[in-house]
Amino acid sequence: MSRTILVLADLRNGAVRNVTFEMLSTAKKLANGGAVIASIISNNSGSIKAEELAHHGADKVLVADSAALENYVPDAYASVLETMIKDVNPNLVLMAHSAIGRDLAPKVAARFGAGQVSDIIDVTEEGGNLVFTRPIYAGKAFTKNTVAGDLVLATVRPNNLPAGEADASRSAEVVNVSVDLPADSLRTFIKEVVKKSTGGVDLSEAKVIVSGGRGVKSEEGFKPLYELAEVLGAAVGASRGACDAGYCDYALQIGQTGKVVTPDLYFAVGISGAIQHLAGMSNSKVIVAINKDPEAPIFKVADYGIVGDLFDIVPILVEELKKV
Ligand code: FAD
């Protein structure tokens with residue numbers, strides 16, 4: 001069965017985030033000869049390359065460009081996406097399971113009386129139906145769901161679906177969507193945006209993450225972890241234990257109430273491995289744990305474990321990796 005699939009591009013600072021390519025590649029597979037349509041909702045979207053979206057599978061790119069879309073305003077984004085859905089009549093809408101996607105998908109699904117499934121890590125076709133896989137119980141189990149109806153909206157957890165190879169020979173038709181957002185139709189206004197800068201590599205897209213826990217003991221104790229991250233081109237994360245203790249910013253928190261990450265390589269340094277932390281990182285491809293307690297639960301999920309004092313081990317790793 002062929003399908004029309006609409007993919008909402010996930011943007012940050014004018015750049016397309018990798019999860020967009022993951023969604024486009026998956027959409028291309030599921031479309032079965034139907035259309036894959038990317039959508040850009042933004043202000044000054046000129047810097048966003050429609051070709052990039054085409055190379056990863058988009059046949060058409062819808063662009064809604066307006067100063068009113070500079071920041072995420074729920075009513076504005078929902079109205080624009082609603083217009084796009086009415087225009088192209090998709091069977092499936094994919095968007096990232098980001099702060100925006102989590103808010104926008106149910107809002108728009110409700111407007112159409114459509115089904116919605118959150119935080120999917122896979123979608124396949126079985127017997128003509130789409131089957132969505134999503135983690136439950138903080139990642140301890142997975143459910144497979146089908147959703148009734150002609151339209152389904154799904155949010156996609158980054159770093160789980162293959163982004164596939166870009167095909168530079170592909171091109172896409174670009175269609176501008178007119179944005180009609182009278183001020184009195186919007187119930188929320190952004191007065192000011194205060195950006196928190198965590199510096200370095202974006203945690204939720206990072207391929208390698210070095211995370212510190214309460215074992216790091218102080219803000220100063222994170223220094224060797226930053227050095228390790230620098231050598232590896234990694235992002236720095238943290239357990240809630242470390243955030244609560246004031247050793248680092250909450251923007252770094254990974255886990256059930258923090259960010260969910262799935263890097264290729266995850267270092268858990270001075271982290272005990274509480275279930276709430278595992279909920280955010282246990283799907284990492286390779287986990288390395290450094291802990292002085294050989295009984296720490298983190299070793300149960302680790303692929304490689306180093307028992308010892310992190311303040312001895314991390315500097316050795318940094319020195320050795322510098323030689324590579
Ligand atoms: P600890 O459990 O104190 O572990 C510190 C570890 O460091 C120990 O294993 C110790 O052996 C080791 N260590 C100490 N010194 C050294 C050293 N010198 N060298 C090597 N190892 C050393 N937690 C999260 O992380 N993310 C969440 O999103 C989250 N959400 C939560 C939501 C709820 C509703 C609740 C109730 C809790 C949540 N927690 C979360 C908290 C979680 O239960 C744990 O308390 C927290 O993860 C513990 O952090 P930690 O592993 O850094 O600290």
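Order of listing sets the numbers, starting from 1, for every ligand and every atom in it. Numbering starts at 1 and runs along the sequence shown.
Residue T257 has at least one heavy-atom neighbour below 4.0 Å for each of these atoms of ligand 1: 27 (C), 28 (O), 29 (C), 30 (N), 31 (C), 32 (C). Contact atoms of ligand 1 toward Q253: 26 (N), 27 (C), 28 (O), 29 (C) (distance under 4.0 Å to a heavy atom of the residue). The contact set between ligand 1 and G258, taken as ligand atoms under 4.0 Å from a residue heavy atom, comprises 28 (O). Close approach of ligand 1 to G255 is summarised as follows: ligand atoms under 4.0 Å from at least one heavy atom of the residue are 26 (N), 27 (C), 28 (O). Each of the atoms 19 (N), 20 (C) of ligand 1 lies under 4.0 Å from some heavy atom of G308.
There is a protein heavy atom closer than 4.0 angstrom to atom 10 (C) of ligand 1.
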(request) Go through R187 and D75 one step at a time and tell me if the salt bridge (charged side-chain N to carboxylate O under 4.0 Å, His left out) criterion holds. (result) CA-CA 7 Å; R187 290 169 296 180; D75 291 342; 3.1 Å; yes

(message) One pair to check against salt bridge (charged side-chain N to carboxylate O under 4.0 Å, His left out): K323 and E319. What are the steps and the verdict?
(response) CA-CA 7 Å; K323 292 179 197 161; E319 281 317 305; over 6 Å; no

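At a 4.0 Å heavy-atom cut-off, ligand 1 touches A274 through the side chain alone. Counting heavy atoms closer than 4.0 Å to ligand 1, residue I254 contributes backbone atoms (N, CA, C, O) but none from C-beta onward.
The shell of residues lying under 4.0 angstrom from ligand 1, judged by heavy atoms, excludes G212.
Geometrically, ligand 1 and I290 share no nitrogen or oxygen pair separated by less than 3.5 Å.
Nearest-heavy-atom check against atom 32 (C) of ligand 1 across R240, Q256, R214 picks out R240. Nearest-heavy-atom check against atom 5 (C) of ligand 1 across G270, G213, A238 picks out G270. Evaluated by nearest non-hydrogen atom to atom 20 (C) of ligand 1, the leading choice among K259, E295, K292 is K292. The closest heavy-atom contact to atom 12 (C) of ligand 1, among the options D309, I306, N291, D293, comes from N291. Looking at A296, P294, S272 and measuring to atom 51 (O) of ligand 1, the nearest heavy atom belongs to S272.
With contacts defined as side-chain heavy-atom distances shorter than 4.5 Å, the pair I37/L62 qualifies.
Sorted by first and then second residue, the salt bridge (Lys or Arg N to Asp or Glu O under 4.0 Å) pairs involving residues 169-185 (not counting sequence neighbours) are D59-R170.
Judged by distance alone, the side chains of Y77 and D103 never bring a donor and an acceptor atom under 3.5 Å apart. Counted by atom type alone, E70 and N44 present zero donor-acceptor pairs between their side chains at under 3.5 Å. Counted by atom type alone, T20 and E22 present zero donor-acceptor pairs between their side chains at under 3.5 Å.
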Would you give me the side-chain donor-acceptor pairs under 3.5 Å for residues 149-162, sequence neighbours excluded?
{"from": "T155", "atom 1": "OG1", "to": "H97", "atom 2": "ND1", "distance (Å)": "2.8"}
{"from": "T155", "atom 1": "OG1", "to": "D119", "atom 2": "N", "distance (Å)": "2.8"}
{"from": "R157", "atom 1": "NE", "to": "D119", "atom 2": "OD1", "distance (Å)": "3.0"}
{"from": "R157", "atom 1": "NH2", "to": "D119", "atom 2": "OD2", "distance (Å)": "2.9"}
{"from": "N159", "atom 1": "ND2", "to": "S204", "atom 2": "O", "distance (Å)": "3.3"}
{"from": "N160", "atom 1": "ND2", "to": "P158", "atom 2": "O", "distance (Å)": "3.1"}

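Ranking protein heavy atoms by distance to atom 52 (O) of ligand 1, first place goes to S239 OG, 2.5 Å. At the shortest separation from atom 35 (C) of ligand 1 among protein heavy atoms lies Q276 NE2, 3.7 Å. For atom 15 (N) of ligand 1, the nearest protein heavy atom (residue, atom name, distance) is K217 NZ, 2.8 Å. For atom 13 (N) of ligand 1, the closest non-hydrogen atom on the protein side is G215 CA, 3.6 Å.
Only one option out of I254, V286, V288 pairs with Y266 in a side-chain contact (heavy atoms from CB on, under 4.5 Å); it is I254.
For R3 and E125, the salt-bridge test passes: some basic side-chain N is under 4.0 Å from an acidic carboxylate O.
The backbone N or O of I271 sits less than 3.5 Å from a side-chain atom of N291, completing a donor-acceptor pair.
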